[in-house]
Amino acid sequence: MTGVIEGGWEYVYASYLTSWVFVVGYAASLWLRSREER
Amino acid sequence: MKLLGQIAAMVYKEVLTEWRMRARVSGIFWFSVAIVMMVAFSIQSSTMLKEIAGGTLWIAILLASTRSLDQSYQVEFEQGAMEGLLLWPVDPIAVYFGKAIANMLVLLCVALAVLPLLLAVYDRPMLGSWPQLFATIVLGCAAIAAPGTLLGLITAQARGSSVMLPLLLFPLVVPALLASSMATSRLMEGDAMEVAPPWIAMLVLINAVFWSIPAMLYGLIFED
Amino acid sequence: MRDCEAPVAVSGERIRSADRPPGRCAISGSSINGIAALLGFGYLLVVAGLTLTRERPVLPFRWELPLGIAGVVMLAVGNGFGLFYAPSEKFMGQVGRIIYSHVPAAWVGMICFLLAAVFAAGFLFTNDPERARRWDAAMEAACEVGVLEGVLMLLTGAIFGRPTWGVWWTWDPRLTSAAVMTMSFVGVLLLRGIVRDPDRRATWSAVATILAGINVPIVYMSVQWWASLHQPQSEGAGGSMIDPSMRWILFFNAMAFLFVTVFFLAARARIAERRVEAEMPEPLPEVAT
């Protein structure tokens, strides 16, 4: 029994993926920028 | 009190300047008229126009404020009058209040001039209390002018200011916009449920915050 | 040993015993959180202690890097918990798992915003120019990371709202003030981008940040008032009654996000400081007397 809302896994994946893209993307940009400054 | 005297002098100077540049000021009025007309042309349905009349008034005032706030500092920077103002032994708070009051008066005049046109073109009968509507308009214009005067000083000195002022000002104006347009729309519809007075009270609160904090911060910007 | 029994989730369904092998007790969620909190916050305290006990507060080393790595690892683990281990929500089904990525982003976004306002005030009230530079760099970092988290919060919130409420967006107090808050940050960052002179940039953006800061509660209040006029009852989306079996996972993810964000803030502030130093004019040559 999954509750009133059936399925919806694509939303879950979209949300987690977005979080990871932002986190990894920003970390990468920080790393690139700190290399420039040096 | 000396401060009040300074503020009064500042307001007088501002109003005099605006009066001498009334061609520019009337440009602001026609800009608001243009916005009102453009919205009317884009929204074909007359019932919908009736409903959005209140909100449209405030959009027009807000967009006009971006022009008038820019212009209020343009004079100083164009003519080199800023140095004169800085040399004047005046408290920055007086400069702030003087400019902000003057800006509010400009917006008020524009609003009161646009209002009859709006009511006519949008076929919007004004069913509610006129004094409350007037209070709403005064308080709304004040709530836009106050933070706008502070931000205007910042953006007038920065490059790309024509886009920066709206960008910085609009988030600050959201509560005032919400309260004013809600109150205006309800008043135009007759306000059977008396929702306007609480909104006007909220506008008073908003004004209290947005007149006091910028006044305290103005000195930091002004000395540059 | 009570943790070995399958919990009956108030807001979730009962975990089937097939999920957990019999005879093996899962470590309780609260002890996992406790260990992580002890390690993470303890580390921060140690670093803070090392920094502040010296006469000139100088950061010892790139302290944020281990914390960041730990945070990312925790985030992966926490997301794993959220995806596979957490019970599904009673009304929202599997979609309820989004809260483990949305709510931490929201909390952290608001923390960044608060920090930005605090740093702005710190900048405006300090007299020492070097300290002022530090505050300014910290504020810049908080603004940028805040925009990042704010946009993430809005996106994941929309992804959350679509299946649960049926709409991508709605004008309730929290969403509206979140949007206004993020927009204010964006404005401050853009202002910083166009002003060349470092002193002016710092002062003006500090003023703009403080204005934005006092604006948020006002926006929240006014939209709440408006919503109360339109809807007789306020909706409690994602209410506070989160079942314990889900709550510890939420806190775990939130801590992970917090550590990652602290890493972002520190690294970004470092970059900002270095840029400001590069912009400083050369010191005047010594005059031989």
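Residue numbering restarts at 1 for every chain, and letters A, B, ... go by the order of the sequence lines.
- In this structure, Trp171(C) places its CH2 atom where only 12 or fewer heavy-atom neighbours from other residues, nucleotides or ligands lie under 6.0 Å away.
- Between Val207(C) and Tyr218(B) the shortest side-chain heavy-atom distance does not fall below 4.5 Å.
- Residue Arg201(C) does not touch chain B at all, counting heavy-atom pairs closer than 4.5 Å.
- For Leu172(B), the parts lying near chain C are the backbone and the side chain together; criterion is any non-hydrogen pair under 4.5 Å.
- How far CD1 of Ile221(B) is from CZ of Arg200(C): 9.5 Å, rounded to the nearest 0.5 Å.
- Using a 4.5 Å heavy-atom threshold, the side chains of Ile218(C) and Leu205(B) count as separate.
- Residues Val219(C) and Pro175(B) approach most closely at CG2-CG, 3.5 Å, considering heavy atoms.
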Criterion side chain to side chain contact (heavy atoms under 4.5 Å, CB included) on Phe210(B) and Asn215(C), from CA distance to verdict: CA-CA 9 Å; Phe210(B) 279 117; Asn215(C) 192 34; 3.4 Å; yes
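- Rounding to the nearest 0.5 angstrom, the gap separating the CD1 atom in Ile214(C) from the CG atom in Leu217(B) is 7.5 Å.
- Here the shortest heavy-atom pairing between Trp225(C) and Pro198(B) reads CZ2-CB, 3.1 Å.
- Here the CE atom belonging to Met216(B) is positioned 11.5 Å from the CG atom belonging to Leu124(C), to the nearest 0.5 angstrom.
- Side-chain contact between Leu168(B) and Leu211(C) is absent, with no heavy atoms from C-beta onward closer than 4.5 Å.
- Ranked by heavy-atom pairs under 4.5 Å with chain B, the first of Val186(C), Thr176(C), Val180(C) is Val180(C).
- In this structure, chain B has a heavy atom under 4.5 Å from the side chain of Val195(C), while its backbone stays farther away.
- Chain C forms the most heavy-atom pairs under 4.5 Å with one residue out of Ile154(B), Leu167(B), Leu153(B), and that residue is Ile154(B).
- Annotation for Met164(B) and Ile194(C): closest pair CG-CD1, 3.2 Å, computed over non-hydrogen atoms.
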